[in-house]
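See structure below.
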Amino acid sequence: NMNSAPVRGLAEVPTGQISMSNLQGKSNAQFIVATGGSISTQGDFKVHTFNSGGTFTVNNAGNPAGSSHVEYLVLAGGGSGGYNFGGGGGAGGQLSAFPSPPSSGGVPVTTTSYPISVGGGGAAQNSPGNKGNPGSNSVFSSVTANGGGGGGIGNPSPQIAGIPGGSGGGSGGQQNNINGAAGSGNSPPKSAPATPTQGNPGASRSFFPGSKPGGGGGGSGGPGVNPTPFGPRDSFASPGGPGRADSISGSSVTRGGGGGGSASPSNADLADGPAGSGGPGGGGAGGNAFGPGQAGTAGSPTLGGGGGGSHNAASGAGGSGTVIIRYKFQ
């Protein structure tokens with residue numbers, strides 16, 4: 001109806017006859033306007049990054065002709081490694097809706113405030129014979145990514161399996177010829193528009209008797225890597241699983257690497273076997289075992305990496321997560 005108020009407003013002709021020329025070049029597109037977090041601009045898009053808790057406040061919800069949906073990445077905190085032939089911690093769960101159509105991808109927003117929770121990493125384990133601690137969840141709107149599972153331990157017997165989580169913790173080292181079990185990933189099961197699952201399982205330990213390296217923690221992009229022989233008999237390393245890369249923040253970043261499993265002395269030469277490396281995307285490396293031992297390395301903050309497992313020293317803490325929100329603003 002050419003006489004309707006929305007058309008007159010668009011044409012900027014409050015009374016009298018409206019011609020098509022009055023509407024030429026005009027658009028009824030409205031765009032999301034919001035505040036909260038650290039804000040950057042990428043061409044026609046705004047990106048809000050939350051590395052700690054906060055509020056995403058939508059002041060204008062836009063419309064389909066402009067933008068009415070936001071893309072997101074929600075990454076939880078990683079788990080810490082186990083202490084005593086410890087497995088690596090699992091990475092924090094990672095859920096995303098990127099890339100997606102700017103007007104209809106991701107999740108729709110309304111004019112309201114959305115509380116943001118950013119999960120911290122599991123605390124380092126400083127007591128021998130204790131499994132790793134889980135990471136905390138990250139939350140935006142209806143999307144919750146689950147914290148990574150803690151790494152298992154191989155001593156004292158019976159060993160403790162890796163803990164389930166967004167990505168699962170690696171198994172404890174083999175003890176009394178019993179193979180360690182890894183923690184399951186994607187626990188509880190979740191997916192998002194651009195994410196098949198939020199994470200993957202840790203690595204289990206299943207090699208020669210007497211060798212006790214911990215399994216690597218699972219990553220958001222792949223499972224922990226099964227131990228590989230390095231020494232003449234039974235010296236193994238179990239790296240953490242890889243994270244997953246995306247460019248929602250403007251450049252490609254890999255997040256959610258699993259923690260590496262602890263080393264084990266080789267029965268053949270009574271020297272350290274290699275510890276597991278951290279998974280690409282912020283996973284911490286495992287610690288060595290021979291002599292006084294070496295602490296596991298912490299997962300990287302804001303990347304949700306799992307912490308490295310250890311034997312004779314403290315395990316690595318998990319890395320904190322992040323929440324990133326992106327939308328078209330013009």
Side-chain angles (χ1 to χ4, degrees), residues 78-83 85-92 121-122 124-125 132 135 148-152 154 162 167-173 180 182-183 185 199-207 211-231 234-245 253-266 271-290 293-301 303-319:
S80 64
Y83 185 157
F85 299 119
Q125 186 52 263
S167 283
S171 72
N200 294 276
S204 60
R205 171 69 185 93
S206 58
F207 279 87
S211 178
K212 306 178 179 69
S220 61
V225 182
N226 287 330
T228 303
F230 277 83
D234 51 13
S235 176
F236 300 87
S238 183
R244 189 167 57 242
V253 178
T254 301
R255 302 177 177 87
S262 66
S264 171
S266 166
D272 247 352
S277 57
N288 67 25
F290 196 68
Q294 180 184 43
T297 304
S300 298
L303 296 182
S310 65
H311 175 52
N312 286 331
S315 71

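These numbers come from the heavy atoms of this one structure, side chains and all, not from hydrogens, waters or symmetry mates.
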Could you pull out the closest heavy-atom pair between L303 and T254, with the gap in Å? CD2-O, 4.0 Å
Minimal heavy-atom distance between S80 and G122, with the atoms involved, is CB-O, 3.5 Å
Look up atom NE2 in H311 and atom OG in S262, then write down how far apart they are to the nearest 0.5 Å. 7.5 Å
Do N200 side-chain atoms and S167 backbone N/O form a donor-acceptor pair below 3.5 Å? no
Show the nearest heavy-atom pair for residues A295 and A313, with the distance to one decimal. N-CB, 3.5 Å
Residues in side chain to side chain contact (heavy atoms under 4.5 Å, CB included) with A317, at least two apart? A124, A298
Tell me every residue that passes side chain to side chain contact (heavy atoms under 4.5 Å, CB included) with S171, counting only those two or more places apart in sequence or in another chain. R205
Can you name the side chain to side chain contact (heavy atoms under 4.5 Å, CB included) partners of A203, sequence neighbours left out? N226, S238
Please report the closest heavy-atom contact between G202 and A182, naming both atoms and the distance. O-CB, 3.2 Å
Closest approach of V225 and G240, non-hydrogen atoms and distance? CG2-O, 4.1 Å
For G81 and S315, work out which heavy atoms get closest and say how close. O-OG, 2.7 Å
